Amino acid sequence: MELSLSSSSLRLYATSSRYRKPPIHPRCNLCISLFNTSSSTLRTNSFTTTRTSTLKFPITACSQAGAAESNPPLNKVADFKDAFWRFLRPHTIRGTALGSVSLVSRALLENPNLIRWSLLFKAFSGLIALICGNGYIVGINQIYDIGIDKVNKPYLPIAAGDLSVQSAWILVLSFAIVGVIIVALNFGQFITSLYCFGLFLGTIYSVPPLRMKRFPVVAFLIIATVRGFLLNFGVYYAVRAALGLTFQWSSPVAFITTFVTMFALVIAITKDLPDVEGDRKFQISTFATKLGVRNIALLGSGLLLINYIGSIVAAVYMPQAFRSILMIPFHTILASFLIFQAWVLERANYTQAIAGYYRFIWNLFYAEYIIFPFI
């Protein structure tokens, strides 16, 4: 049913005290135009529920615009959080965190009778220190790679203009100081020395005049040392020391250290695959710029395949050290995924699919740490 009103009645309704013009945000031109449209809609001979609803949208839109204008500090905090997270390079944080948790879990599973609740805080503080070290290394690399990143990775916060160089320096220095303090207070002189050595390698990788990333062999040796040997050996040694045990290699820990060191070599040579354009522009010599994207992708896939074959062989010949029922099928499946991904990359002619291939390698890296405590 529709209630019809005369034009004089409608004018009377519009001027009545019960009618209020929706508040319009002074900077919201969209709302002004919408309200004018709504007012003209009311000036008809019929006042239906459909037309009444036209007033609601401009009010909502204005209130949202007003809220955004009235909370600039909240917006700045949200923007900084986003820039800060991108500055940390989340895929590297995940690798560091997973590696730490995996090795701690393995050491505790080997000595369940020595587990104490007091170790939980020490393990958590160690994880924070590792994330700080990771943040320092990837952060200082971004500070000295702004021009390259504007070509290769324009989404990174410094290159995108979302984080100033001054703020980046404050962050990386804070990461280094906090990390060293945590390690020195909790893990003794030897682990502190290893931690500082890792920071040193990360520094000479990016900072002139050394800037070792210019030299492909040295660059991938640094990455393999930090992410392969130092992380695995350092975490396992620190956990055993916290449990009151002397350091002792076990077959699984020797396996994961070797496996991940090889994996870090692959990451080191394939990380430049999506960045060939910027590296060539700024005369950064990498294996990808020298040998070509296809050759490096095939080399990386081949090295990882050797890794998986070696894992299967180790499980077959050392059944007393590994759970063959889990280790053999798991690495067989991952090797199959790797072969398939290499085939996809070949079909794509090593162009658009290269970034996806590099992400896939990191996913394989995560998978190995996830399964490690149980093999």
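Keep in mind it's a predicted model, so treat the numbers as computed, not measured.
Criterion: ILVMFWY side-chain heavy atoms under 4.5 Å apart, direct or through other members. Under it, Leu127 and Val178 are not part of a common hydrophobic cluster. The hydrophobic cluster containing Phe175 does not contain Phe124, counting ILVMFWY residues as joined when their side-chain heavy atoms lie under 4.5 angstrom apart, directly or transitively.
In this structure, Ile312 CD1 and Asn307 CG are separated by 11.0 Å, a value rounded to the nearest 0.5 Å. Interatomic distance, Leu103 CG to Tyr237 OH, rounded to the nearest 0.5 Å: 15.5 Å. Taking OG of Ser125 as the start and CD1 of Ile182 as the end, the distance is 6.5 Å to the nearest 0.5 Å. Distance check: Ile375 CD1 to Met327 CE gives 4.5 Å after rounding to the nearest 0.5 Å. Going from atom CG of Leu364 over to atom CG of Leu338 covers 6.0 Å, rounded to the nearest 0.5 Å.
Looking at heavy atoms from C-beta onward, Phe247 lies out of side-chain contact with Phe190 at the 4.5 angstrom threshold. Side-chain contact between Ile204 and Arg211: absent, with no pair of heavy atoms (C-beta onward) separated by less than 4.5 Å. Residues Phe365 and Leu98 have side chains not in contact (no heavy-atom distance under 4.5 Å, counting atoms from C-beta outward). Side-chain atoms of Met212 and Leu201, non-hydrogen and from C-beta on, never get closer than 4.5 Å to each other. Looking at heavy atoms from C-beta onward, Phe330 lies in side-chain contact with Glu368 at the 4.5 angstrom threshold. For the pair Phe263/Leu303, no side-chain contact is recorded, criterion being any heavy-atom separation below 4.5 Å from C-beta on. For the pair Ser301 and Gln341, the minimum side-chain heavy-atom distance is 4.5 Å or more. Using a 4.5 Å heavy-atom cutoff, the side chains of Ile222 and Phe215 are not in contact.
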* Going through the checks in order, is the side chain to side chain donor-acceptor pair (under 3.5 Å) test met by Ser174 and Tyr136? -> CA-CA 8 Å; Ser174 299; Tyr136 169 81; over 6 Å; no
* Test log, rule salt bridge (charged side-chain N to carboxylate O under 4.0 Å, His left out), inputs Arg86 and Asp162 -> CA-CA 10 Å; Arg86 283 181 285 134; Asp162 299 328; 3.0 Å; yes
* To do: Give the C-alpha distance, both sets of side-chain angles, the deciding distance and a yes or no for side chain to side chain donor-acceptor pair (under 3.5 Å) between Ser167 and Ser164.
  => CA-CA 5 Å; Ser167 298; Ser164 68; 2.9 Å; yes
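Between the Asp149 side chain and the Ala159 main chain, no donor and acceptor come within less than 3.5 Å of each other. Formation of a donor-acceptor pair under 3.5 Å by the Arg323 side chain with backbone atoms of Pro319 is not found in this model. Here the side chain of Asn295 pairs a donor or acceptor atom with the backbone of Leu291 at under 3.5 angstrom. Checking side-chain atoms of Arg227 against main-chain N and O of Ala264 turns up no donor-acceptor pair under 3.5 Å. In terms of modelled atom types and a separation under 3.5 Å, the side chain of Ser324 and the main chain of Ala315 share a donor-acceptor contact. Listed for the Thr92 side chain is a donor-acceptor partner under 3.5 Å among the backbone atoms of Arg89. With hydrogens and angles ignored, the 3.5 Å screen pairs a side-chain donor or acceptor of Thr257 with a backbone N or O of Val253.
Checked by atom type, the side-chain pair Ser206/Asn141 shows a donor-acceptor distance below 3.5 Å. Residues Ser105 and Ser102 have side chains that never bring a donor and an acceptor to within less than 3.5 angstrom of each other. Neither side chain, Trp362 nor Tyr366, offers a donor N or O lying under 3.5 Å from an acceptor on the other. Side-chain contact check for Arg94 and Asn363: no donor-acceptor pair (N or O, by modelled atom type) lies under 3.5 Å.
Minimum interatomic distance between Leu305 and Ala335 (heavy atoms only, all atoms of both residues): CD1-CB, 4.0 Å. Counting all heavy atoms, side chain and backbone alike, Val239 lies closest to Ala107 at CG1-CB, 3.3 Å. Here the closest non-hydrogen pair linking Ala129 and Gly179 is CB-O, 4.0 Å. The two residues Ile269 and Ile296 make their nearest non-hydrogen contact at O-CG2, 3.3 Å. Considering every non-hydrogen atom in both Ile137 and Gly202, the closest pair reads CG1-CA, 3.9 Å. Closest approach of Ala268 and Ile223 over heavy atoms only: CB-CD1, 3.7 Å.
Shown here are the salt bridge (Lys or Arg N to Asp or Glu O under 4.0 Å) partners of Arg359, two or more places apart in sequence or in another chain: there are none. Legend: residues meeting salt bridge (Lys or Arg N to Asp or Glu O under 4.0 Å) with Glu110, ordered by chain and number and at least two apart, are Arg106.
Under a 4.5 Å side-chain heavy-atom cut-off, the cluster of Ile, Leu, Val, Met, Phe, Trp and Tyr residues that includes Leu185 is completed by Ile177, Ile181.
At a threshold of 4.0 Å, the pair Lys213-Asp145 counts as salt-bridged, since one of the basic side-chain nitrogens sits closer than that to a carboxylate oxygen.
Heavy-atom neighbours of Arg116 CZ from other residues, nucleotides or ligands within 6.0 Å: above the threshold of 12. Tyr155 OH: more than 12 foreign heavy atoms inside a 6.0 Å radius. Environment of NZ in Lys150: sparse, with no more than 12 heavy atoms of neighbouring residues, nucleotides or ligands closer than 6.0 Å.
Trp249 and Phe233 have tilted rings, their planes meeting at an angle from 30° to 60° on a 0 to 90° scale.
Between Phe255 and Phe322, the distance separating the two ring centers is shorter than 6.0 angstrom.
The only member of Tyr369, Tyr308, Phe229 that meets ring pair (Phe, Tyr, Trp, His ring centres under 6.0 Å) when paired with Phe259 is Tyr308.
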